[in-house]
Amino acid sequence: MPKPFANRAGSGAHFHVSVATAKQKNAFYDKSDKSGMGLSAMAYHFLGGVLEHARGLCAIAAPTVNSYKRLVVGRAPVGRHVGSRLYCVR
């Protein structure tokens, strides 16, 4: 449970994901990305899937009532944006 005691700091679930090709190359990298972020088409589709299913992923990342109650703006990554700790994908 991420925060069993109200008077103590809690922790949260987070995931680091990487995908490699058969030749052990980063499948999420593409130096020719027109947006300048260096992401491949696969990376954009993967991120789109994560954002599309973010609410359902809470069943895994926040499985208890206390976990779910901590998902409030300002205290947990609940938005959609790249680069800020206040968002679920960065």
Side-chain angles (χ1 to χ4, degrees):
M1 185 180 325
K3 188 166 173 71
F5 306 105
N7 63 340
R8 295 185 185 167
S11 64
H14 69 274
F15 305 92
H16 297 260
V17 180
S18 60
V19 177
T21 66
K23 295 181 179 181
Q24 299 300 311
K25 300 287 183 181
N26 182 353
F28 286 167
Y29 177 70
D30 182 358
K31 67 180 178 181
S32 64
D33 178 13
K34 292 178 182 172
S35 72
M37 297 183 70
L39 296 175
S40 68
M42 177 187 280
Y44 283 110
H45 287 282
F46 180 87
L47 292 170
V50 169
L51 293 175
E52 177 68 24
H53 298 286
R55 289 179 185 250
L57 290 170
C58 283
I60 297 167
T64 66
V65 173
N66 284 354
S67 299
Y68 193 77
K69 285 181 177 181
R70 295 188 73 212
L71 299 177
V72 295
V73 175
R75 294 186 59 203
V78 295
R80 297 180 181 189
H81 188 269
V82 176
S84 172
R85 293 179 63 91
L86 295 177
Y87 299 98
C88 68
V89 172
R90 56 187 176 115

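Side chains included, hydrogens not; waters and symmetry mates left out as well; all remaining heavy atoms used. It should be emphasised that the depicted structure is a prediction, and the values quoted were computed from it without experimental measurement.
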Next item on the list: Taking side-chain contact (heavy atoms from CB on, under 4.5 Å) as the test, write out the residues that go with Leu39, two or more places apart.
Entry: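 For Leu39 the side-chain contact (heavy atoms from CB on, under 4.5 Å) partners, ignoring immediate neighbours, are Asp33, Met37, Ala43, Tyr44, Leu47.
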Which atom pairs, one a donor and one an acceptor, fall under 3.5 Å between side chains of residues 22-32 and the rest of the protein, sequence neighbours left out?
| residue | atom | partner | partner atom | Å |
| --- | --- | --- | --- | --- |
| Asn26 | OD1 | Phe28 | N | 2.9 |
| Asp30 | OD1 | Ser32 | N | 3.0 |
| Asp30 | OD1 | Ser32 | OG | 2.7 |
| Asp30 | OD2 | Ser32 | OG | 3.4 |

Notebook entry, point to check: Are Val65 and Leu57 connected in the hydrophobic side-chain network, where two residues link if heavy atoms are under 4.5 Å apart?
Noted result: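 No, Val65 and Leu57 fall in different hydrophobic clusters.
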